[in-house]
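A quick write-up on the structure given underneath.
Note that ligands are numbered from 1 as they come in the structure, with each ligand's atoms numbered from 1 the same way.
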Amino acid sequence: MSTNNTLVIDENTVIHPSKEFSAKARVSSMEQYESMHKQSIEDPDTFWANEASDLKWQKKWDKVLDWKAPYAEWFQGAKLNVCENAVDRHVEAGRGNKAAIIWEGEPGDKRTVTYQQLQHEVCRMANVLIAKGVKSEDRVLIYMPMVPEATIAMLACARLGAVHSIVFGGFSSESIKDRLEDSKAVAVITSDGSWRRAGVVPLKDNMDEALQNNDTVKSVIVLKRCENQINMTEGRDFWWHEETAKVTATHKPEGFSSEHPLFILYTSGSTGKPKGILHTSGGYMVGTYTTCKYIFDMKEDDVYWCTADVGWITGHSYITYGPLFAGVTQVMYEGGPNFPDWGRFWSIIEEYGVTIFYTAPTAIRAFIKAGDEFVDKYDLSSLRLLGTVGEPINPAAWEWYYNKIGGGRCPIVDTWWQTETGAAMISPLPGCTPIKPGTATRPFFGVDAAILDEDGKECEVDQPGRLVIRKPWPSMLRSVYGDKQRYEDTYWSDYDGIYTAGDGARKDKDGNIYIIGRLDDVLNVSGHRLGTAEIESALVAHNSVAEAAVVGKPHEIKGQAVVCFVTLKTGITETDELKVELRNHVGKVIGAIAKPDAIHFAPGLPKTRSGKIMRRLLKELVATGKVTGNITTLEDSTVIAAIQKSITG
Ligand code: WTA
């Protein structure tokens with residue numbers, strides 16, 4: 001240990017929780033963790049029944065788990081209302097005046113929403129949706145900024161048994177259109193615009209474009225946020241503030257079956273269009289709640305802040321649902337981390353006394369690059385626990401997070417999970433697990449994680465293989481919306497009755513699991529999942545492009561950068577203007593987050609004789625500048641030299 005409590009950290013450093021932290025934690029020794037984990041795997045019914053009893057069930061279940069691989073039913077026979085558990089339960093327990101959401105807008109406006117106020121707002125929105133004819137199981141598409149109304153909209157849907165499907169505000173109208181078509185949404189909740197680094201993202205305009213020729217959406221509720229000029233279509237579009245003023249603030253939460261659909265969230269896969277991941281009610285509630293309780297150690301006095309957007313799964317499970325099930329006070333922030341400067345997050349932590357902070361490695365790397373002076377101005381002593389999610393965290397970023405943000409005092413929970421898993425799956429428990437940079441450590445309760453080779457044999461210590469989950473868990477996805485076959489093929493076809501995550505991983509001699517990264521053609525750019533197939537299909541949809549291949553290149557801040565190789569149609573000239581046009585074209589088709597970092601023109605793409613593009617070679621080429629190994633199986637091996645030239649210029 002050096003001076004100022006700054007611990008020098010590398011990938012071999014092991015940090016044990018302090019006695020003080022452990023003493024107050026729910027799980028305070030590894031023996032306790034091991035025995036609870038053992039019970040959760042060997043006798044899941046008893047384990048989960050016990051956890052579920054913290055929550056409110058209008059009718060108790062007959063059976064905890066019914067598993068007919070790959071289909072699970074959790075808390076079979078039970079009736080519950082998810083929204084009642086997130087909101088009403090706390091009001092009934094006399095905590096109505098407790099702040100549920102402390103919100104800060106990007107321009108600096110502030111608002112606190114208590115549990116009581118949240119209940120009223122949610123009831124109003126539920127009544128508005130009823131007035132617009134929305135019924136149980138109807139799909140409602142939500143496209144909103146990070147404002148309390150986003151959470152209110154989600155909870156209002158849940159209250160009615162309507163299925164929300166959120167589209168992240170950075171996605172384009174074409175992406176919304178695809179999701180509207182796939183989900184056949186009957187209503188939309190959006191806003192005029194969204195603040196982003198002092199500019200307005202025209203959410204309603206994007207929505208209008210997406211709604212052209214749509215015949216399923218009957219009503220659009222529009223929140224006034226940025227006061228930008230928008231068009232309101234008579235009979236279809238309604239202002240949030242006008243509609244909510246017409247209805248009452250009371251609504252009785254009906255009990256729905258435990259497997260009632262709760263939401264669809266689209267995510268990228270290796271092929272085709274994004275998949276609608278379907279989550280249901282009871283199991284998802286128990287899974288997100290339990291992880292908040294044990295991994296985030298949420299307690300009555302905590303002020304918790306997760307910097308994700310509600311458009312991603314992290315925002316669903318660890319902003320809207322889990323923390324509200326746990327009844328904590330949480331901070332919600334609307335804008336970018338560097339507005340007006342890179343100190344914004346730290347000023348928020350100081351101002352509201354945040355105790356638990358959850359962010360992504362890509363953000364941490366950006367903060368490191370921006371410089372310590374933005375952190376040093378603020379008092380971060382309220383923090384007691386830190387978390388990360390989205391991608392592996394490199395030791396340098398871990399060290400900075402631990403020392404600079406956590407003051408060498410806060411455990412870091414590196415949580416591995418996915419849109420599909422619904423809740424965190426592999427993570428330290430802060431009061432007991434020895435933590436180490438770069439590893440998400442141990443499986444959470446009920447998670448039977450393993451690393452298998454291609455034949456299904458468990459890998460040896462440190463041998464990389466495929467990360468799988470061998471038993472069902474409460475918050476698991478139930479299907480791909482409208483496409484059971486895709487669900488079975490994508491997740492359950494590698495090994496019989498076993499879930500394949502799509503990530504490579506290895507386990508060290510102490511049982512710590514290290515996530516290596518995606519094994520499929522999915523990129524992880526700033527913690528966001530993008531399918532190479534989606535970007536390729538956007539590129540070939542441009543009339544100049546004959547063929548395209550997209551790969552990820554290691555990137556200092558983003559983790560991976562999007563690099564495209566494009567073969568133009570005969571007669572089209574390779575110009576820098578065209579590169580800019582193609583870049584914007586991808587932004588228009590998918591959304592700004594998918595805009596390529598580099599586009600290279602290539603006379604041809606490396607293909608096998610059967611015509612398959614060998615992305616592996618391109619990946620190696622962009623990472624190292626060369627290709628090792630045999631390329632004689634290529635249909636035309638001269639393309640490699642030509643591509644090499646196009647990269648080096
Ligand atoms: C990656 C985000 C390493 C992984 C919750 C996974 C991680 C994908 C971690 C899911 C972590 C997530 N360490 N890698 N702690 N957390 N990932 O669906 O590749 O947006 O498969 O869910 O992110 O991304 P998704």
Side-chain angles (χ1 to χ4, degrees), residues 166 168 170-171 263-270 274-279 284 287-288 291 295-296 306-319 321-322 358-365 386-395 397-398 401 412-428 433 435-444 447 449 451 464 466-469 475-477 480 490-491 499-507 512-532 534 552 558-560 593-594:
I166 305 203
F168 171 62
F171 279 121
F263 66 85
I264 302 167
L265 184 59
Y266 288 84
T267 191
S268 297
S270 25
K275 309 178 276 259
I277 302 301
L278 178 72
H279 281 286
Y284 177 81
T288 52
T291 45
I295 296 175
F296 293 107
C306 165
T307 67
D309 188 286
V310 287
W312 307 113
I313 191 68
T314 307
H316 283 62
S317 302
Y318 296 110
I319 293 178
Y321 289 112
Y358 191 30
T359 195
T362 183
I364 297 168
R365 291 192 296 265
L386 303 174
T388 77
V389 60
E391 57 183 310
I393 176 164
N394 46 306
W398 201 97
Y401 197 32
I412 298 179
V413 288
D414 175 352
T415 59
W416 175 86
W417 59 295
Q418 309 178 291
T419 305
E420 292 86 343
T421 68
M425 300 288 279
I426 303 177
S427 169
T433 314
I435 51 174
K436 239 179 134 172
T439 171
T441 72
R442 307 297 178 102
F444 184 64
V447 176
I451 296 157
R466 299 181 193 169
L467 178 61
V468 301
I469 313 294
S475 63
M476 66 190 270
L477 78 166
V480 170
T490 311
Y491 303 106
Y499 173 83
T500 310
D503 278 334
R506 68 178 172 87
K507 209 189 260 187
N512 291 311
I513 297 173
Y514 286 79
I515 310 296
I516 300 165
R518 299 290 307 183
L519 292 171
D520 51 14
D521 292 319
V522 172
L523 305 181
N524 191 332
V525 180
S526 300
H528 300 149
R529 270 166 78 167
L530 294 170
T532 51
E534 276 171 77
K558 302 182 185 184
Q560 273 187 312
I593 51 163

message = Counting only heavy atoms and a distance below 4.0 Å, can you name the residues contacting ligand 1?
response =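 Near ligand 1, by chain and number: Ile313, Thr314, Val389, Gly390, Glu391, Pro392, Asp414, Thr415, Trp416, Trp417, Gln418, Thr419, Asp503, Ile515, Arg518, Asn524, Arg529.
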All ring-ring contact (aromatic ring centres under 6.0 Å, His included) counterparts of [X], not counting sequence neighbours:
X	answer
Tyr284	Phe263, His279, Tyr321
Phe171	Trp312
Tyr266	none

message = If we ignore hydrogens and angles and just use 3.5 Å, is the side chain of His316 paired with the main-chain N or O of Gly311 as donor and acceptor?
response = no
query = Side chains of Tyr358 and Thr415: do they bring a donor and an acceptor to under 3.5 Å?
reply =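 Thr415 and Tyr358 do have a side-chain donor-acceptor pair below 3.5 Å.
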ask   = Would Arg442 and Asn512 count as a side chain to side chain contact (heavy atoms under 4.5 Å, CB included) if you check the C-alpha gap in whole Å, the side-chain angles of each, and the deciding distance to 0.1 Å?
value = CA-CA 6 Å; Arg442 307 297 178 102; Asn512 291 311; 3.9 Å; yes
